[in-house]
Amino acid sequence: MNKIKFATVWLAGCSGCHMSFLDMDEWLIELAKYVDIVYSPVGSDLKEYPENVDVCLVEGGVANQDNLELIHQVRKRTKILISFGDCAVTANVPGMRNMLGGSEPVLKRAYLELGDVTPQLPNEPGIVPELLDRVLPVHEVVPVDIFMPGCPPSSDRIKAAIKPLLKGDRPTMEGRDMIKFG
Ligand code: SF4
């Protein structure tokens, strides 16, 4: 049997969605029979997102230049991209900074006005990625195939969404159990 190339990506999120993924506990062993995890903060050390990924769960909003570059690469190299959790679907918690009017006031407030010792803006080109002015939900940057809301989505919801994909089918994302936010 050809295994599905499976990935998970962590953009601007708290990693709670990934924790919920790990909460599938022993079903992860079952999942491992069907998928090869080719890229993930919880299952692979690979630094570069690989080519020809079948399914990818994307956690988090698009908040900085690194997120932006990665999500374009993910889209180009992935057949089924799943917007995974409320931060990916709506920008949610990281998107709360959008009401403050851009990255500059946010950085000034956090690092200058509230900086107790040697207040200074973080600046290390190539190491500290530049913030985007607004945090964007994934579908505002690239097309998304499946939306899986939840903060985080429960492990039951994640399992119910992944199971059909293992047989080449699409999950039905309908009803309270599958698409309730929060
Ligand atoms: S949706 Fe909730 S659990 Fe998931 S990354 Fe955002 S804040 Fe964390």
Side-chain angles (χ1 to χ4, degrees), residues 6-28 31 35 37-47 49 53 55-75 78 80-100 102-103 106-107 109-110 114 122 128-165 170-182:
F6 189 88
T8 77
V9 162
W10 181 15
L11 304 178
C14 72
S15 87
C17 293
H18 273 87
M19 293 304 109
S20 200
F21 179 83
L22 293 178
D23 271 349
M24 292 193 291
D25 296 328
E26 67 273 11
W27 194 73
L28 291 171
L31 180 64
V35 306
I37 296 189
V38 292
Y39 184 94
S40 171
V42 295
S44 155
D45 259 351
L46 218 65
K47 301 291 176 252
Y49 191 85
V53 173
V55 176
C56 179
L57 297 172
V58 178
E59 175 194 305
V62 182
N64 64 33
Q65 208 56 42
D66 279 4
N67 296 162
L68 193 62
E69 283 166 26
L70 180 56
I71 195 62
H72 279 295
Q73 196 170 54
V74 166
R75 180 65 279 181
T78 307
I80 299 174
L81 190 159
I82 302 176
S83 204
F84 177 40
D86 287 354
C87 292
V89 175
T90 69
N92 195 34
V93 177
M96 288 168 74
R97 77 164 165 87
N98 291 347
M99 68 182 90
L100 299 176
S103 61
V106 172
L107 288 168
R109 179 74 180 144
L114 300 177
V128 180
E130 204 178 316
L131 288 188
L132 304 182
D133 254 353
R134 289 178 60 76
V135 183
L136 302 167
V138 172
H139 66 275
E140 282 192 21
V141 183
V142 296
V144 163
D145 300 299
I146 294 169
F147 292 88
M148 191 199 309
C151 183
S154 68
S155 52
D156 284 347
R157 184 179 295 178
I158 301 169
K159 194 189 335 183
I162 291 176
K163 260 184 167 178
L165 295 170
R170 290 292 179 104
T172 305
M173 303 303 287
E174 284 176 11
R176 186 181 172 85
D177 286 350
M178 294 305 282
I179 53 169
K180 183 180 172 293
F181 284 85

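When a ligand or atom number is given, it counts from 1 through the structure's own listing order.
Each of Ile146, Ile162, Ile158 was scored for a side-chain contact (heavy atoms from CB on, under 4.5 Å) with Ile82, with one residue passing: Ile146.
Taking a cutoff of 4.0 Å between a charged side-chain nitrogen and a carboxylate oxygen, Arg75 and Asp145 qualify as a salt bridge.
Scanning all heavy atoms of the two residues, the minimum distance from Asp177 to Arg157 falls at O-NE, 2.7 Å.
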For residues 136-143, which side-chain N or O atoms pair as donor and acceptor with protein atoms under 3.5 Å away, sequence neighbours left out?
none

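Under 4.0 Å from any atom of ligand 1, one finds heavy atoms of residues Gly13, Cys14, Gly16, Cys17, Glu59, Asp86, Cys87, Asn92, Val93, Gly150, Cys151, Pro152.
Shown here are the side-chain contact (heavy atoms from CB on, under 4.5 Å) partners of Val93, two or more places apart in sequence or in another chain: Cys87, Met96. Residues satisfying the salt bridge (charged side-chain N to carboxylate O under 4.0 Å, His left out) test with Arg109, not counting sequence neighbours, are Glu113.
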